[in-house]
Every structure is written in structure tokens, then in C-alpha cells.
Peer 1: 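Structure in C-alpha cells, see below.
Naming: A, B, ... by sequence-line order, numbering from 1 per chain. What you see below is based on every heavy atom in this structure, not just the backbone, and it leaves out hydrogens, waters and symmetry mates.
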There are 2 protein chains.
Amino acid sequence: MDKFEQRLDQAARAAWLSYVGGRTQDEIASQLGVSRPGVQRLLALARQEGLVKVRIDHPIATCMMLSQQIGERFGLDFCDVVPVDTGTADSSYQYLAVAGAERLERYIERSAPLTLSLGSGRTVRAMVEALSRLDRPQHRFVSLVGNVARDGSSNRYDGIMVLADKTGGERFLLPAPVVAGSVEEKEAMLGQRLFHAVTDVALKAEAAFIGVGRIDRQAPLFQDHFINEGELDELLAMQAVGELLGWPMTQDGDVIDCSITRRVTSLPLELLRDQQLVALAGGREKAPAILAALRGGWLKGLVTDETAARFILDAES
Amino acid sequence: MDKFEQRLDQAARAAWLSYVGGRTQDEIASQLGVSRPGVQRLLALARQEGLVKVRIDHPIATCMMLSQQIGERFGLDFCDVVPVDTGTADSSYQYLAVAGAERLERYIERSAPLTLSLGSGRTVRAMVEALSRLDRPQHRFVSLVGNVARDGSSNRYDGIMVLADKTGGERFLLPAPVVAGSVEEKEAMLGQRLFHAVTDVALKAEAAFIGVGRIDRQAPLFQDHFINEGELDELLAMQAVGELLGWPMTQDGDVIDCSITRRVTSLPLELLRDQQLVALAGGREKAPAILAALRGGWLKGLVTDETAARFILDAES
DNA sequence: TCACTTGTCGATCAAATGATCGGACAATAC
DNA sequence: GTATTGTCCGATCATTTGATCGACAAGTGA
């Protein structure tokens, strides 16, 4: 589809003129030889395709303070706090995505070969979407969480896919569901050579960017049918408040050993202790889960928002 | 001025909501508790203070082709070509600034201590303005060109100043005019201990970001009264087409030895051969000067625009 | 060959944005 | 205490932007 490439080209040109040059759409129209609505469409395309990257480059005092306090208390290498948007909480994870992408870029930019691993979830996905294109074929990207749904369908647009596409790096996908159907199924999977090959790469990763899951009626594990209602109730009864990579934990960050845990196929958290584990999550609902992950000492880095940051510091003081 | 800081804070917040969150100014207004025109002013402030950084993240095919050809022909490590804006050529150097800042960021981002040197000129200045704030107190920044005007006044807002302010790094300013009043004055300067201290640092720089000067009636050397009309005529008579750091050169890139050269106080280009010399310049008028610099083999990197790139390739084929 | 689908383009209008202007409030001088 | 000056704020209007809709052209199948 060469036609599409050409269109993207012109979209990029329009974006330069509009966002960097500050020209009006009329001026751009006459310069590119299209109508004004044409420019409109080009700019919309440019944004949609993620050609336009905006970053706000100022440490907001409140956020800085929160990030410093959290970083100190939990011994993090870094903690980014993005401002909260009390309007629609829905698109709030866009902010996390942009801030997370900035951190991710720091790793990828390095020219020395690098192995990075990725968790699953909307926020992680949005982060790689927000990432700049950067040619780094020497890097390797590996998923920590199975990208196969329970019905056997593989998610073509996994975060790893997007990341590898954007950098030209190698991709390693975990051929498994997050939670296996049974203990036997999990055992069978762990025995597979391919499965082992991927987890071996994951263990060599330098850093891991993961999401944080809440454990309640809206838990992603439950919503995506990885666990059923009975299992969810079991987790809640055992005081689970959140999960990392599918591993449920109490509010103190201890991983809960139960019937579900024995079917989780993702890498045991213990094995990731040496890695830079970076979590991306925010919002009032996820705050208890984030706090649990911090208390457990699992994380080395955190990207969150004001709401969650405030909750965490309030709960700790 | 704590008041101003607070205002910037809110401006940053407004910018997040507007540019990353995509909210309308009305929504932002009600969220921040100010009137709509208030938000308007905040956003204007944010842009003016350079809080908002936009980057277009797509290789425009034409530009890519040009950059590749130039890079190959002149053995550059890299060559960036930004799209041209046939509208107002005046603000066109904004594009160069953004592209240059991206390159500069690559260096500064490194955490290992680094010494970088900077030339003078509007484009270089605009580049550091466009740079993101990044805390790197371990770096050193040094000017390759005197920042003292002929009347003795020092330019408070030298590029080095802005760069050091943004990173927290050390600054080394060359206490001299670009061109000394006389040969004796130059000799006296070279003898100064302070002058030597600065140039010693400059020689250790890893990379240098410099502008390219044209030599004609609009030559910056002439416009800023570093040389008078007679001297300009002398240079033109000797076939000078451009200059790097004040060193005039022919269209083949040979530095011209003349009465003016003997008064130039900046570092001899020969001494910078080992460094990553990166030039930032574009436009039809500067094109011959850029070509000369390339032919002389002085540059390792170039950030230019389509117009100049086309001129260069046409002249060489 | 004709009708129908599909996709693209431009006219038009509503919404959002940027800019100007006048007024209010505070600080300072008289 | 009053006047003056400067600054900040919000109402208003012109411009710019985003979205919808209808028209037209190209391609497709009958």
C-alpha cells in the first residue's frame, strides 16, 4: 500500500507545519496544494497514527513532592507522578502512557543490546503506542504474561508486537494464557520447550514494564474470563487486593498461595527480583493494589498519578 | 518570584490537560477554577516558556532520501533534513531548532560526564531553547566562540547559559569577541590564563554544535560589526562563501588565510578534527556556505532543510 | 453498459480558540 | 484620603478548527 505511505508522508509534513511551524490550516492547505478540510484530515491521520508526540516539560511542584516522598519511603529508583484529571477518569491513563513512554525511551535509546520485558494491560499497551519510533534492531522484547485468550485466540496486537514493530527488535511471545485452565494444563505448558525458551529470555531482561491489576468485581482477570466468579470470591476471601502479572497479593504485598496461583503461568515474581520492575498504574481504584505492590517491595520504579500517590501516602502515614 | 513559579505550575497543568488529555479550554477552566481566557493565558505562557515540546515522529520520504545521499557523499555520521516551509522563510529555523534539539538530547541524556561545546548564532540559540529540561549536573558546556560584543558587553543569554541552566551543568564562556580588534589584541587574549583554561576544556569536548555563517552583505560577522565593509570586501575578493566559528572558507572548504583570519579568536578548526562537529543550518542563502563546510570535510553531522539539501546535491552531481 | 457500491473531496455550519478591550482592584504617590 | 498608575481579569468578537453532509468519480458486478 504505497498510496498510504505517501499519505502519511504528507500528513507528517502537515503536522510539521502545523505543530512546529504554527501555521494555520489555510496556509498549510495552499502550501501542500490541498483543500482546507484535506489538511484537517491529514492532521487527524497524523495524530491517529501517533506521528505527533507532545511532552510537557515542567516539574509540577505538587507532583514532584509526592513522587519524592513515595520514592524515598519505598526505596524506588524513580517515581513519576502525573497530574490528575478530575474530568473523565476514563482517558486519564493517557497521561500515564506518555510519562511511561518517556521512561521506556530512556532504556530503548541505548545502542547496547538490551532485553526488555512487558506485562499486559491497557496502560502498558497505551505506553508503547505513545512511544517514538526508534531504530534499534539489536534489542529484544519479551512478554511476561501469556497473550493467548482462553478461547485460544492470540492477541495480534500485543504490546510486544507494537514495540518490536516500532524498533525493529526481536519479539518473544509467551504462548500461554495468563491463567491455565487447570494445574495439569499449567504443568504441560511449563514442560514445553518453546515456553521455556521464552521465559529464559525474560529472565535475562534488564527491566520490566508491567501494569497493576485490582482484585474486585472489575478485576481484569475476572472481566477477561481468566477466572470465574467463584474464584474471584475465593481471592477476595483471602484478602487479595491486587495482582502483578496475575499473581494476587494481600495488602502487605505477600503473594497469596491458593488454587488460582497454582495455575498462573507467568514468571514467578521472585525470579524478577533482580530486574528493574517498573509499574504503570493510577487512579483511586487501583491505588490499594499499587500500595500492596510497593509494600511487598516488588517495584524499582513507578509511574502513577496524583490520586493514587495521595492515597498511598495517606495510608502509610 | 514564587508567584511566577506557581503560575508556571498551573500552566504546566493546563498544558497537560490540553495537549495530552485533549480537553477543551472550557473543561480545563472549570477544573482549574479559572475563567476560559485565564486558561488561554496559561497555555500561551506554557508555550512561550517552552514547556510544551512537540515532535513529529515520521521519516518523510523525500527528506530521508536527501539525508541519506548527503550523508553518504560526505561521509557524515548522520544528516537530518527537515521539511521546508515555503511560506515564511523567517521562522523556518524553528524546524532546524527542534530537529537539532533532538540530536543534542541524545548526547545530554547520557549519564556519564560529558563535555559539549557550542557555537554561536540564532539557530544554535533556538536549538537550546527547544531542548527539554534534563538534570545532568555532571556535564560541562563550553563556548567555542567569544560571547563578548565589540563594545565589551557580554551577552547574558548565550546558548551556553541556557544549556547550563536547563541541565544544571557547568558553564565555560570564552571571554573574547569573535574577531579581535587587532592582531595584538588577539595575541594578548591568547596569552590570558582564563582564555586558555576555557579553550582547554573546549578541546576535550566530545561534540560541538555550531552554526554556519554566510559571507555576503548579510553576513552575521558584518551585520554584528565584527568586521567592517572593507574587510567584508576583502573576504569576498578572496572567494569566501561561508564561515565556521568565524573562520572564512572558500567554496572548497579551505580556510582562507588573510588579515581577518589572523584576528579570529575562536579555536582553529584543525584542532576540532577529532570531535563530532555538528552543523545546524538551512535555507537557500546559507546553502553555499554549508556546501563549503561539507567539502572541507569539517563536519561529522548536519541538520539542514530540504532547500539547502537540494542545492547541495544539485551542485555536487 | 448500467446500476450500485465505495471512497474521496469540498461546501457548510457549529464549536472552540485567540485577541482585543474595558473595567475593577490594589499599590503607591501626593 | 484621594488620585493615579499599573496589572490582572473577564466579556465580547473575529478567526480558526472540527464535523457533518451531500456530490462526484472510480471501480465493480450484473
Side-chain angles (χ1 to χ4, degrees), chain A residues 1-56 58 61 83 85-88 90-92 94-95 129-130, chain B residues 1-58 61 83 85-88 90-92 94-95 129:
Chain A
M1 205 30 60
D2 197 53
K3 190 79 166 290
F4 185 68
E5 275 300 320
Q6 231 168 356
R7 212 174 142 70
L8 266 189
D9 240 57
Q10 209 170 28
R13 217 169 261 271
W16 268 93
L17 292 168
S18 171
Y19 294 105
V20 183
R23 314 236 150 278
T24 78
Q25 296 188 352
D26 266 321
E27 292 175 300
I28 299 169
S30 65
Q31 203 168 130
L32 295 185
V34 293
S35 70
R36 222 267 298 155
V39 175
Q40 169 84 348
R41 276 186 273 267
L42 284 174
L43 289 176
L45 179 70
R47 266 171 307 195
Q48 185 200 317
E49 292 293 316
L51 267 53
V52 185
K53 297 280 149 58
V54 184
R55 68 171 57 174
I56 309 301
H58 182 79
D85 184 351
T86 54
T88 38
D90 181 52
S91 77
S92 164
Q94 259 298 326
Y95 301 73
E129 300 270 356
Chain B
M1 205 26 72
D2 196 55
K3 191 80 165 289
F4 185 67
E5 275 300 320
Q6 231 167 356
R7 212 176 141 68
L8 265 190
D9 240 58
Q10 210 170 26
R13 219 169 259 270
W16 268 92
L17 292 168
S18 172
Y19 294 105
V20 183
R23 314 236 149 279
T24 76
Q25 296 188 353
D26 267 320
E27 290 175 302
I28 300 169
S30 65
Q31 200 166 132
L32 295 185
V34 294
S35 70
R36 222 263 301 157
V39 175
Q40 170 85 342
R41 275 186 274 269
L42 285 174
L43 290 177
L45 179 70
R47 267 172 306 197
Q48 186 198 317
E49 292 292 316
L51 266 52
V52 185
K53 297 281 148 59
V54 184
R55 70 170 56 171
I56 309 300
D57 186 26
H58 182 79
D85 185 351
T86 54
T88 38
D90 181 51
S91 76
S92 164
Q94 260 297 326
Y95 300 72
E129 299 272 356

Peer 1: Over how many whole Å does the gap from B:Leu42 atom CG to D:dC9 atom P extend?
Peer 2: 9 Å
Peer 1: Would you say B:Leu42 and B:Leu32 make side-chain contact, with heavy atoms under 4.5 Å?
Peer 2: yes
Peer 1: Evaluate the criterion side chain to side chain contact (heavy atoms under 4.5 Å, CB included) for residue pair B:Lys53 and A:Val54; output intermediate values, then yes/no.
Peer 2: CA-CA 6 Å; B:Lys53 297 281 148 59; A:Val54 184; over 6 Å; no
Peer 1: Residues of residues 33-40 of chain B with any non-hydrogen atom less than 4.0 angstrom from an atom of DNA chain C: list those, numerically ordered, please.
Peer 2: B:Arg36, B:Gln40
Peer 1: Give me each pair satisfying salt bridge (Lys or Arg N to Asp or Glu O under 4.0 Å) with a member in residues 9-21 of chain B, each pair once, sequence neighbours excluded.
Peer 2: A:Glu306-B:Arg13
Peer 1: OP1, OP2 of C:dA15 versus side-chain N and O of B:Gln25: anything below 4.0 Å?
Peer 2: no
Peer 1: Can you tell me if the side-chain N/O atoms of B:Arg47 get under 4.0 Å from OP1 or OP2 in C:dG18?
Peer 2: yes
Peer 1: Can you tell me the distance, in whole Å, between the CZ atom of A:Arg23 and the C1' atom of D:dT15?
Peer 2: 17 Å
Peer 1: Check whether any side-chain heavy atom of B:Asp57 lies under 4.5 Å from a side-chain heavy atom of A:Val52, and answer yes or no.
Peer 2: no
Peer 1: Are A:Arg47 and A:Tyr19 close enough that some pair of their side-chain heavy atoms sits under 4.5 Å apart?
Peer 2: yes
Peer 1: What's the CG-C1' distance between A:Leu43 and C:dA16, to the nearest Å?
Peer 2: 16 Å
Peer 1: Locate the shortest heavy-atom distance separating A:Leu17 from B:Tyr95; write the atom from each residue and the value.
Peer 2: CD2-OH, 3.3 Å
Peer 1: Tell me the interatomic distance from B:Asp26, atom CG, to C:dT17, atom P, rounded to whole angstroms.
Peer 2: 8 Å
Peer 1: Is the base of C:dG10 touched by the side chain of A:Arg41 through a donor-acceptor pair closer than 3.5 angstrom?
Peer 2: yes
